[in-house]
Asker: 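Here's a structure for you.
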2 protein chains.
Amino acid sequence: MSRAMFSTSYSAAKAPNGGAQGLLSGERQAANVCAAILAEDIGYMTKIAVSQHFSAGQTLLNEGEPASRFAIIGEGAVKIYKLMLDGRRQITGFLFAGDLLGLTFAPDYSYSAEALGEVRLHRLPRQQFERLLDERPAMARHFLALASTELAAAQTQMVLLGRKSADEKIASFVLMLSDRELSRDRNGRTIDLPMTRTDIADYLGLTTETVSRTFTRLKNRGWIALETAGLITILDRDALANLAEGGDMPETGGRVFASPGFGARPILRSSHRHEVRAA
Amino acid sequence: MSRAMFSTSYSAAKAPNGGAQGLLSGERQAANVCAAILAEDIGYMTKIAVSQHFSAGQTLLNEGEPASRFAIIGEGAVKIYKLMLDGRRQITGFLFAGDLLGLTFAPDYSYSAEALGEVRLHRLPRQQFERLLDERPAMARHFLALASTELAAAQTQMVLLGRKSADEKIASFVLMLSDRELSRDRNGRTIDLPMTRTDIADYLGLTTETVSRTFTRLKNRGWIALETAGLITILDRDALANLAEGGDMPETGGRVFASPGFGARPILRSSHRHEVRAA
DNA sequence: CGCACCTTTGAATTGTGTCAATAGCAGTGG
DNA sequence: CCACTGCTATTGACACAATTCAAAGGTGCG
């Protein structure tokens with residue numbers, strides 16, 4: 001569902017089903033074919049690229065530097081971010097294996113990237129990448145579709161940053177990572193957090209303290225379990241999903257165990273709400 | 001500098017110089033050539049598209065609906081937004097003449113769009129648009145570059161939403177619109193606001209009241225003038241720019257007239273700041 | 001000139017940031 | 001194996017920026 005800025009895994013298109021229909025719609029199938037071709041392109045690029053290794057904390061690229069290389073993440077996790085002049089930081093995305101890094105047509109990188117742990121990168125000189133785009137006309141289209149997906153994800157993140165409360169942000173974040181796991185291998189119930197609380201805070205527009213407090217609150221509510229600081233378990237996915245989307249607050253709805261008088265009230269009063277289309 | 005989601009005016013590439021160097025760098029020139037070709041593509045599309053008229057408040061497209069058509073804005077201003085289940089709204093961008101609307105490769109639109117005033121749209125069936133991409137291999141690349149620019153703009157907006165104070169948000173917003181004007185015709189000192197305070201609030205992650213109060217504050221500080229609610233004048237661009245980027249707070253820096261004890265203190269304490277690369 | 005909507009201003013409330021201190025955990029070295 | 005060091009995470013107390021509630025101007029239009 002998420003990922004980030006020009007970087008979404010090429011497998012994003014064949015992501016979690018979301019709904020529960022058994023069969024894929026024609027459109028979905030088409031998307032999968034597309035993703036498969038793109039995967040092929042990326043597989044090829046990975047082969048001709050130069051493999052490079054990085055350790056936790058190492059800078060992979062810096063905002064403002066000439067965008068001379070393009071990379072595919074082979075292994076590990078990466079954070080990309082922008083800094084304000086006074087040092088305030090906004091992490092615009094976390095990238096994982098298969099995601100693209102540093103794709104741009106501007107002269108310089110528009111963000112910085114840092115390894116969250118051990119990272120393997122497959123790097124390609126920009127010129128070579130652009131040559132590939134020329135040689136394979138279909139490739140540009142695939143990347144365009146990818147960018148389109150990225151853009152939609154960015155908009156979703158804007159909703160989170162601009163309109164969600166701390167609780168809703170954390171719930172959304174947890175579900176986001178969970179969906180990621182689901183789309184790959186695991187069951188999506190146990191989630192690994194390769195990033196620090198500060199990273200999470202800078203991604204969600206909060207502070208470390210608030211992130212910590214909010215995790216604790218969700219834990220006390222019985223919705224998640226904190227195995228260790230870097231490993232959590234989802235105990236009540238429905239409750240989290242409801243919270244994340246700002247659905248009608250726990251009116252003891254579908255779920256049985258009434259959510260204990262939980263006041264995660266929305267940020268905006270009713271007069272600030274807009275009419276929701278009947279659709 | 002901004003614009004938004006898959007929609008940036010194709011003239012964005014030849015945007016305001018920003019710096020003050022007299023000559024364009026080679027890279028910039030290349031970008032201009034690129035933009036020119038893209039403009040040609042778009043000009044062609046406009047010709048074969050169907051022109052359609054809308055009035056203020058009319059919905060141009062709805063989030064979740066099948067993305068059947070693609071459009072170029074011929075005239076007028078448009079807001080695109082996403083709604084939460086409870087009606088909270090996040091406007092992810094304002095679009096103007098020349099901007100693209102509804103470009104996606106997903107089955108459905110990921111956002112809604114509404115006319116801010118009288119709007120003329122040049123619409124193209126999605127299939128026809130995709131056929132064009134096939135016929136003109138270079139076109140996909142141009143749109144890819146465009147999307148890349150959009151993505152960078154989206155990240156910039158995330159910094160605003162996640163890390164800026166109300167004052168900084170408004171200052172950034174005003175400058176953003178000013179830069180837009182600059183890149184076209186006017187001097188960029190007088191700025192037209194075709195959107196309401198509520199729209200601005202939903203774009204910046206604030207409430208109407210806060211937007212109003214903040215405009216008043218900037219006015220009292222002598223940095224802007226409010227001719228009418230929909231027309232403002234920039235009186236001190238440097239002060240606004242400094243505020244917008246979170247530069248060192250008014251320590252009576254370069255500017256002469258000391259900013260009256262202004263406490264627009266940053267959102268994060270020093271221990272929450274990150275080291276800024278010497279670059 | 002009166003309705004409808006938008007904007008501005010005031011007063012009170014509160015979610016989240018700030019400051020401060022303690023707890024947890026990994027790695028190092030004696 | 002344990003003390004020591006350096007981080008990161010958690011928790012508490014308090015402050016404040018921005019929201020909520022409320023009401024008074026403005027402005028445009030039929």
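Note on naming: letters A, B, ... go to the chains in the order of the sequence lines (proteins, then strands), and numbering restarts at 1 for each one.
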Asker: A:L206 CG to D:dA9 C1': how many Å, rounded?
Answerer: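 Nearest whole value for this atom pair: 16 Å.
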Asker: Could you work out which one of C:dT9, D:dT11, D:dT19 sits closest to the side chain of B:T207?
Answerer: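 Between C:dT9, D:dT11, D:dT19, the one nearest the side chain of B:T207 would be D:dT19.
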Asker: Among D:dA9, C:dA20, D:dT19, which nucleotide has an atom closest to any side-chain atom of A:A229?
Answerer: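 Ranking D:dA9, C:dA20, D:dT19 by closest atom to the A:A229 side chain puts D:dA9 first.
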Asker: Figure out the CZ/P separation between A:R88 and C:dT16, and round it to whole Å.
Answerer: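 Result: 18 Å.
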Asker: Walk me through it: do B:V174 and B:I232 pass the test side-chain contact (heavy atoms from CB on, under 4.5 Å)?
Answerer: CA-CA 9 Å; B:V174 170; B:I232 67 179; 3.8 Å; yes
Asker: With respect to the side chain of A:T196, which nucleotide from D:dA18, D:dT8, D:dT10 is positioned closest?
Answerer: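 In terms of side-chain proximity for A:T196, the closest of D:dA18, D:dT8, D:dT10 is D:dT8.
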Asker: Does the C:dG10 base have a donor-acceptor partner in the side chain of B:R213 within less than 3.5 Å?
Answerer: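 Flag set: donor-acceptor pair detected.
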Asker: Measuring only between side-chain heavy atoms, which start at C-beta, is B:D199 closer than 4.5 Å to B:T196?
Answerer: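 Yes - at least one pair of side-chain heavy atoms lies under 4.5 Å apart.
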Asker: Any side-chain N or O of B:S212 below 4.0 angstrom from OP1/OP2 of C:dT8?
Answerer: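 Indeed, a polar side-chain atom of B:S212 lies that close.
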Asker: Less than 4.5 Å apart, side chain to side chain, heavy atoms only: is that true for A:T228 and A:L226?
Answerer: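 With C-beta onward as the side chain, the pair stays apart.
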Asker: Provide, to the nearest angstrom, the distance between the NE2 atom belonging to B:H272 and the C1' atom belonging to C:dA20.
Answerer: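 To the nearest whole Å, that distance equals 12 Å.
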Asker: Could you give the CD1-to-P distance, from B:I232 to C:dT7, as a whole number of Å?
Answerer: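 Distance check: B:I232 CD1 to C:dT7 P gives 13 Å.
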Asker: Between C:dC19, C:dG17, C:dC6, which nucleotide has the shortest distance from any of its atoms to the side chain of A:T210?
Answerer: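 Looking only at side-chain atoms, A:T210 lies closest to C:dG17.
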Asker: Please report, rounded to the nearest Å, how far the C1' atom of C:dG24 is from the CD atom of A:E227.
Answerer: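 Between C1' of C:dG24 and CD of A:E227: 16 Å.
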Asker: Rounded to whole angstroms, how far apart are CG on A:L218 and C1' on D:dT10?
Answerer: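 Atom CG in A:L218 sits about 15 Å away from atom C1' in D:dT10.
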Asker: Would you say B:T208 reaches C:dC6's phosphate, i.e. side-chain N/O to OP1/OP2 under 4.0 Å?
Answerer: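 Result: no.
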Asker: Can you tell which of D:dA9, D:dC21, C:dC6 lies closest to the side chain of B:E209?
Answerer: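 Nearest nucleotide to the side chain: D:dC21.
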Asker: Less than 6.0 angstrom separating the ring centers of A:Y111 and A:Y81, yes or no?
Answerer: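 For A:Y111 and A:Y81, the ring centres are not under 6.0 Å apart.
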Asker: Within 45° of the six-membered ring axis of A:F54 and under 6.0 Å from that ring's centre, is NZ or CZ of A:R120 located there?
Answerer: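 That pair does not qualify as a cation-pi contact.
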Asker: Please report the distance, rounded to the nearest Å, between CE in B:M195 and P in C:dT7.
Answerer: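 One finds 11 Å between P of C:dT7 and CE of B:M195, rounded.
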Asker: If I take atom CG in residue B:L160 and atom C1' in nucleotide D:dA18, what distance separates them, rounded to the nearest angstrom?
Answerer: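 The answer, rounded to whole Å, is 15 Å.
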Asker: Does A:G205 reach a base, just sugar-phosphate, or nothing at all? Heavy atoms under 4.0 Å.
Answerer: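 Contact class for A:G205: sugar-phosphate only.
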Asker: Within the structure shown, what part of the strands sits under 4.0 Å from B:T216 by heavy-atom distance: base, sugar-phosphate, or nothing?
Answerer: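 Sugar-phosphate: the residue B:T216, judged by heavy atoms under 4.0 Å, touches backbone atoms but no base.
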Asker: Among D:dT19, D:dT10, C:dC19, which nucleotide has an atom closest to any side-chain atom of A:L226?
Answerer: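 For the A:L226 side chain, the nearest candidate turns out to be D:dT10.
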